[in-house]
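The chains referred to below are lettered A, B, ... by the order of the sequence lines, with proteins before strands, and numbering in each begins at 1.
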Amino acid sequence: MNLFSEIRALVLAALEKMTADGKLPTGLSFDAVAVEPPRDPLHGDMATNAAMVLAKPSGRKPREIADELAASLRQDDRITAADVAGPGFLNLRLAPAVWQTLIKNVLEHGQSFGRSSVGAGQRVNVEYVSANPTGPLHVGHTRGAVFGDALASLLDYAGYAVTREYYINDGGAQVDVLARSVYLRYLEAHGRDVAFEDGTYPGDYLIPVGQALKEKVGAEFIDKGEQFWLADVREFASTAMMDMIREDLALLGVKMDHFFSEKSLYGTGRIEAAIDKLRAKGLIYEGVLEPPKGKKPEDWEPREQTLFKSTEHGDDVDRPVMKSDGSWTYFAPDIAYHSDKVDRDFDLLIDILGADHGGYVKRMKAAVSALSDGKVPLEIKLTQLVRLYKDGEPFKMSKRAGTFVTLRDVIDQVGADVTRFVMLTRKNDAPLDFDFNKVLEQSRENPVFYVQYAHARVCSVLRRASEAGIAVDDARLQAADLTLLSHPSELAVAKKLAEWPRLIEIAARTNEPHRVAFFLYELASELHALWNKGNDEPSLRFVQEDDPGTSQAKIALARAVSVVISAGLAILGVTPAEEMR
RNA sequence: GGCCCCUUAGCUCAACUGGAUAGAGCAGCCGACUUCUAAUCGGCAGGUUGAGGGUUCGAGUCCUUCAGGGGCCGCCA
């Protein structure tokens with residue numbers, strides 16, 4: 001239901017006919033022919049670059065091709081004007097009936113209007129958050145969570161079969177640190193004096209975990225050596241942390257399809273199997289790496305390690321999978337995990353990582369490329385830092401001092417809807433300023449409220465119409481006589497709605513959910529503009545009390561806007577507001 | 001030293017992956033509230049897209065050199 005695709009098909013048909021008539025040479029590729037909204041609406045409703053991209057391969061002048069193409073397109077009922085402009089653009093103007101039909105389409109399809117089949121049911125795995133189970137999620141995680149979740153929803157809407165996944169880093173040394181920290185809290189719960197030294201987590205959030213451990217095992221672990229309790233406490237603590245993280249995610253409205261445990265890779269031969277897979281391809285060897293340049297060479301000693309020949313798949317240097325002491329590096333289980341994803345027959349893998357993991361991108365892509373023989377692409381999206389402010393003053397976080405801002409803090413203070421929307425009004429690879437007070441201002445500077453207000457206004461119109469005795473259920477609105485909608489200001493709104501399916505395809509292709517947020521802002525702006533014109537020109541008001549038929553047509557347009565806003569907000573994970581309070 | 005990301009209006013950011021005269025909001029100025037919630041709208045002003053070179057009908061977008069900011073660089077995840 002992408003109007004731009006429909007008109008492009010029309011253009012291509014006309015080009016085929018020109019080819020058949022001998023006006024264009026046979027065998028031309030039309031792939032580069034685009035039909036787009038012109039930057040300036042004065043140019044028309046749609047523009048095509050066909051004449052310009054075909055000029056050189058056909059050996060003809062762009063304006064000649066454009067003239068002939070224009071003559072052909074004018075034959076179609078949907079095209080009311082086709083003018084050649086600039087270097088060879090063909091500007092098209094579409095009949096009002098096209099826009100009227102579009103509004104009807106929105107109402108008939110509801111929130112599915114805009115769903116696309118570009119994903120073609122391809123299976124895509126989106127891995128995001130994947131925070132260590134050592135504490136509550138903080139703001140940095142929040143951005144990754146919001147971005148990954150919105151991207152997953154966007155891809156789903158664009159026709160992909162999406163799996164949302166969280167990789168639990170419960171296998172490394174940091175879980176031992178967690179266990180020792182919980183053990184201290186456990187002793188504390190038994191009335192012992194404890195000291196949190198370097199290498200332990202002093203956060204208060206472990207107090208209830210220590211308490212719970214006491215309730216579970218009583219005094220069993222007191223005054224015992226680590227070998228006696230470490231494994232049990234590790235299990236207990238990481239389970240408790242994951243429960244907490246799941247709650248945090250739920251507060252944000254994030255629900256994973258699958259949690260994958262790193263620990264499940266150890267002692268089961270799965271890491272060995274993945275490395276063997278690479279070894280079979282001749283990509284594992286014993287060797288010594290060059291020292292990294294520009295970084296404390298005094299600490300460097302050459303050591304022989306087991307290396308993955310990632311340079312064969314685009315990396316800059318080969319990467320160690322096993323330390324010199326024979327234990328795995330963190331890279332090894334990651335290889336095994338991604339090997340598992342490849343084995344699960346995904347067509348596309350996407351990892352969402354924090355920007356501080358940027359140095360990790362090439363080696364991971366190399367691993368997936370090697371494991372899948374180049375068949376499964378891995379896309380890695382990095383989310384940049386969140387800079388916190390309060391009243392314009394930077395707000396410093398320190399995990400050590402216990403002053404880090406948790407996801408829960410943010411949700412408590414500003415709510416999930418605002419948090420999500422604000423974090424999606426920035427490209428993922430640009431740093432984000434997040435001011436606790438500004439995001440709560442219900443002002444024009446704050447796009448959340450601007451979009452919410454537009455939705456609420458439509459709800460208000462529906463209520464008001466009902467009170468005036470005008471039927472506004474969806475069935476009646478779909479049956480409304482939309483030929484009554486012909487004012488340019490009204491059609492302008494419909495034209496914006498027509499861009500929605502196209503925008504979805506672009507946003508999905510580029511993996512950029514922020515485009516949805518910006519589109520919603522523009523759509524809301526169209527509605528606000530039309531609304532205010534009703535102040536000066538009563539005939540543009542949605543509710544015409546003495547004319548139910550006209551009211552229904554105008555309200556159908558308003559309703560279509562709210563449907564698309566709802567669909568867009570659903571992708572972003574934001575609840576539409578029925579009214580502003 | 002190497003790799004990745006960033007640099008667009010005074011400020012915060014867009015720009016449909018190569019299209020027409022680079023767009024919004026904020027801040028500034030002028031205007032619209034006996035209303036369909038003005039949490040909104042209309043208008044004015046604001047630019048050598050960090051700098052230079054290249055590719056072509058056409059570059060904020062692609063290539064290259066340089067400057068500035070951030071991130072990362074074996075046995076931490």
* To do: Report the glycosidic orientation of B:rU12: syn if within 90° of 0, anti in every other case.
  => anti

* **Spacing of the P atoms in B:rG53 and B:rA14 (rounded, Å)** => 28 Å

* Residues that A:T575 engages under side-chain contact (heavy atoms from CB on, under 4.5 Å), provided they are two or more places apart -> A:D417

* **A:H528 side-chain N/O to B:rG25 phosphate OP1/OP2 under 4.0 Å** => no

Would you tabulate the nitrogen or oxygen pairs shorter than 3.5 Å linking the protein to nucleotides 7-9 of chain B?
none

* To do: Go through RNA chain B and write down every stem, that is, every run of at least three consecutive Watson-Crick or G-U wobble pairs with distances under 3.5 Å, as range with range.
  => B:1-7 with B:67-73, B:10-13 with B:23-26, B:28-32 with B:40-44, B:50-54 with B:62-66

Enumerate all atom pairs, one protein N or O and one N or O from nucleotides 54-60 of chain B, separated by less than 3.5 Å.
residue : atom : partner : partner atom : Å
B:rC57  : OP1  : A:K56   : NZ           : 2.5

* Asked: Which salt bridge (charged side-chain N to carboxylate O under 4.0 Å, His left out) pairs, counting each pair once, include a residue from residues 38-51 of chain A, with sequence neighbours left out?
  -> A:D45-A:K495

* Residues in salt bridge (Lys or Arg N to Asp or Glu O under 4.0 Å) with A:E379, at least two apart? -> none

* Answer yes or no: does a side-chain N or O of A:Y337 lie under 4.0 Å from OP1 or OP2 of B:rA77? => no

* To do: Applying ring-ring contact (aromatic ring centres under 6.0 Å, His included), name anything that partners A:F518, two or more places apart in sequence or on another chain.
  => A:H514

* Structure fact -> A:H528 meets the ring-ring contact (aromatic ring centres under 6.0 Å, His included) criterion, sequence neighbours left out, with A:Y450, A:Y453

* Any A:S460 side-chain nitrogen or oxygen under 4.0 Å from OP1 or OP2 of B:rU37 -> yes

Dump the pairs, protein N or O against N or O of nucleotides 3-5 of chain B, anything under 3.5 Å, distances to one decimal.
residue : atom : partner : partner atom : Å
B:rC3   : O3'  : A:K362  : NZ           : 3.4
B:rC3   : O2'  : A:K362  : NZ           : 3.4

* N or O in side chain of A:R319 less than 4.0 angstrom from B:rC73 OP1/OP2 -> no

* **Residues forming a salt bridge (Lys or Arg N to Asp or Glu O under 4.0 Å) with A:R464, sequence neighbours excluded** => none

* To do: State which residues pass side-chain contact (heavy atoms from CB on, under 4.5 Å) with A:S551; sequence neighbours excluded, sorted by chain then number.
  => A:I470, A:Q544, A:I555

* To do: Look at the side-chain N and O atoms of A:R464 and state whether any lies under 4.0 Å from the OP1 or OP2 oxygen of B:rU37.
  => yes

* To do: Would you jot down, in residue-number order, the residues of residues 542-560 of chain A having a non-hydrogen atom under 4.0 Å from RNA chain B?
  => A:F542

